[in-house]
Amino acid sequence: MFRPKLPTMPQPTGQVTPPAAVIEPTTITPGTPAPPSAPVIPTSAPSRPTVQLTPGTALALVGGGTAVVLVVGAVLVSMLLAVTITAASVAVCAVVLRSLLASQHRR
């Protein structure tokens with residue numbers, strides 16, 4: 001049940017060439033050279049369209065960039081604030097534990 005089933009190799013059909021067939025190389029005869037062609041002058045069609053920046057799109061780009069900067073700044077400030085609050089709470093816990101342990105040794 002867990003043994004893999006190996007596919008059987010199908011028998012070749014059609015005409016099979018014998019393995020001892022020898023291929024003879026052919027000789028290459030040089031032809032006449034082609035006459036030089038006239039130089040091709042490229043056309044002035046651009047490969048991609050140019051982007052035209054209107055005052056409306058410039059204002060939208062500036063507004064979008066400002067929004068991105070404000071959002072990223074808010075996220076970074078909130079992460080820094082979270083780290084600061086966590087560090088302060090750990091420091092307060094350490095001071096309280098130290099005080100409790102010190103008062104226990106005095107008694």
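Quick caveat, the model's predicted, so the values are computed rather than measured.
Considering every non-hydrogen atom in both Ala82 and Thr86, the closest pair reads O-OG1, 2.8 Å.
One hydrophobic cluster holds both Val92 and Leu100 under the rule that ILVMFWY side chains link at heavy-atom gaps under 4.5 Å.
With hydrogens and angles ignored, the 3.5 Å screen pairs no side-chain donor or acceptor of Thr57 with any backbone N or O of Leu53. Between the side chain of Thr84 and the main chain of Leu80, a donor-acceptor pair closer than 3.5 Å is present.
Summarising the geometry, atom CG belonging to Leu81 is positioned 12.5 Å from atom CG belonging to Leu76; distances are rounded to the nearest 0.5 Å.
Side chains of Val83 and Met79 form no contact here, defined as non-hydrogen atoms less than 4.5 Å apart.
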